[in-house]
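Reminder, nothing fancy here: chain letters follow the sequence lines and each chain counts from 1.
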Number of protein chains: 2
Amino acid sequence: MVNRRTHHTSTSRRAHARGAGHLPAERRSQVERRRQTRRALLDAALQQMDGGYGFDSLSLRRVARAAGVVPTAFYRHFDTMDELGLALVEESVATLRSMLREAREGGTEAQHLIARSVEILVAHVREHRRHFAFMAHARASGNAVLRHAIRSETKLFASELATDLARFPILRDWSTADLQMLAGLFVDTMIATIDAILEASNGGAGTEGLSPETEARLVTQAEKQLRIIVLAIPHWRST
Amino acid sequence: MVNRRTHHTSTSRRAHARGAGHLPAERRSQVERRRQTRRALLDAALQQMDGGYGFDSLSLRRVARAAGVVPTAFYRHFDTMDELGLALVEESVATLRSMLREAREGGTEAQHLIARSVEILVAHVREHRRHFAFMAHARASGNAVLRHAIRSETKLFASELATDLARFPILRDWSTADLQMLAGLFVDTMIATIDAILEASNGGAGTEGLSPETEARLVTQAEKQLRIIVLAIPHWRST
DNA sequence: TGTACATCAGTGAACGCGCGTTCACTGATGTAC
DNA sequence: TGTACATCAGTGAACGCGCGTTCACTGATGTAC
């Protein structure tokens, strides 16, 4: 009976080194190597979801493979796929926060505010398409952990928006509940816009990207929808 | 060498007969038996998705098992899981249509119309919770076939609503694009409400159902959101 | 600066499992005479 | 009405595959002296 564990040559091992794999020639520090592999796993997960497939359809092995790493190396960074998913939620939420921050800087005149907000939204979705697509899917996915994480972040986001809205003179006398209602309406409309953008840029027949015409149409529609809500504000009698 | 294929007793086969399984005592016709198994497969799929898990996480074997049928029997009814999914989309769409039809019967005075519409929506979601949950998940799922099927049905639904809206005197002079925009806003708000109801009735801590308080809160919020949109209508200048 | 040892990120073989799909089959229902 | 044959919904064994997870390992990086 021969030795069960085969002794491979070192060259065969080198041949497997790809992406975040083991590249001794580079002389990276251990912590840097670790950081890069973690990043590669997160990016691989986002990349694998790119075709419009959700987090649920990922497998640990596919993510590891796409990251250029052996499946077992995954466990050096995350205990489960859920933990990787939560890390992606954190990154995505950071993107949302930066969006809200950017929207806060600038004038408060309604007409410009709407156009600017939609512009910022579209720019962010384009810039961080994978993160938004991840959230759009995971929001309604089968994974309860991710779904709840994203839902609660969405509620938090709406609450922060309500606080911002409270600063407008015309909304000063609205009840908290009505401000939340209004913020919810804005957020729901934004989410619908995000969905529409993502659908148009994924589902497009082979074009892979969002055509300028389609984008313009979606921007116009979103602006109109926000504007019609704003139009109603002076006529609302808050309880 | 013994015969590879074991010859089981007929009693052991009977013991396996469950649900839509083979029940010779009943003397059903072949077509009736076929119809019942198909129904059992569809119901089993809906049931398996009940815990908040989406269509993507179903497997053919699990569905067949839950339907009380052997995996291979599945193929007598559907070529693939996708086909079963499309059958569920058809059923769900029929539900939506009946909802719209019900909403059309009755007065057109705005205030009552909103309350009635929300009431009908909530009643339908409660009555057909599994179908709505299926659509809410599949809308954003990884399965491109189902996603597109549901998206296009949603657009059709919004178009029909736009046609209904065109009959209101106050909307008579609105452009088609603006009517579509308005219908889209209503539909997006309804979808958000449906999502909120489903989330509250699944995510509730062990209660399994939607508490009357939560439902009342969601109904109030939805009514307010629709009302604020309606409030804006007289002030909109359509292009 | 040089040496001996510790750490630990990534490796590769192995496992048991549920999956979709194939195939030849069984036996009740349906039909032709 | 009775018999012989056809139909076909559902069966059960088998297959190859990708999965998550375990384990002992390798070898470069890091550290104590």
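At least one donor-acceptor pair under 3.5 Å links the side chain of A:Q225 to the backbone N or O of B:M181. A donor-acceptor pair under 3.5 Å links the side-chain atoms of A:R147 to the main chain of B:G52, judged by distance alone. Formation of a donor-acceptor pair under 3.5 Å by the B:R116 side chain with backbone atoms of B:A103 is found in this model. The closest donor-acceptor contact from the side chain of B:D188 to the backbone of A:A192 lies at 3.5 Å or more, if one exists at all. A donor-acceptor pair is defined here as one N or O able to donate and one able to accept, closer than 3.5 Å; such a pair exists between the side chain of A:H148 and the backbone of A:A144. Between the B:R151 side chain and the B:R139 main chain, a donor and an acceptor come within less than 3.5 Å of each other.
D:dG18 atom C1' lies 8 Å from atom CZ of A:R65, rounded to whole Å. Across the protein-nucleic acid pair, B:L60 atom CG and D:dG10 atom P stand 14 Å apart, rounded to whole Å. Rounded to an integer number of Å, the gap from A:R35 CZ to D:dT29 P is 17 Å. Atom CD in B:Q48 sits about 14 Å away from atom P in C:dG18, given to the nearest Å. Between B:L84 atom CG and C:dT21 atom P there is a gap of 13 Å when expressed in whole angstrom units. At whole-Å resolution of the value, CE in A:M81 and P in D:dT21 are 10 Å apart. When rounded to the nearest whole Å, the span between CZ of A:R33 and P of D:dT29 equals 8 Å.
Considering only side-chain N and O atoms, B:S59 lies nowhere under 4.0 angstrom from the phosphate OP1 or OP2 of C:dG18. Distances shorter than 4.0 Å separate some side-chain N or O of B:R34 from OP1 or OP2 on D:dA9. For A:R61, no side-chain nitrogen or oxygen approaches OP1 or OP2 of C:dG12 to under 4.0 Å.
A pairwise comparison of heavy atoms in B:H131 and B:L88 identifies CD2-O, 4.1 Å as the closest pair. Taking all atoms of both residues into account, the shortest heavy-atom contact from B:L60 to B:M81 is CA-SD, 3.8 Å.
In terms of polar N and O atoms assigned as donor or acceptor, the side chain of A:R62 never comes within less than 3.5 Å of the base of D:dG18 in a complementary pairing.
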Identify all pairs in which a protein N or O lies below 3.5 Å from an N or O of nucleotides 30-33 of chain C, and state each distance.
unit_1 : atom_1 : unit_2 : atom_2 : d
C:dG30 : OP1    : B:Q30  : N      : 3.2

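Contacts between residues 72-80 of chain B and DNA chain D, defined by a heavy-atom separation below 4.0 Å, involve B:T72, B:A73, B:R76, B:H77, listed by number.
With pairs defined as Watson-Crick or G-U wobble and both atom distances under 3.5 Å, the stems of at least three pairs that touch DNA chain C come out as C:2-33 with D:2-33.
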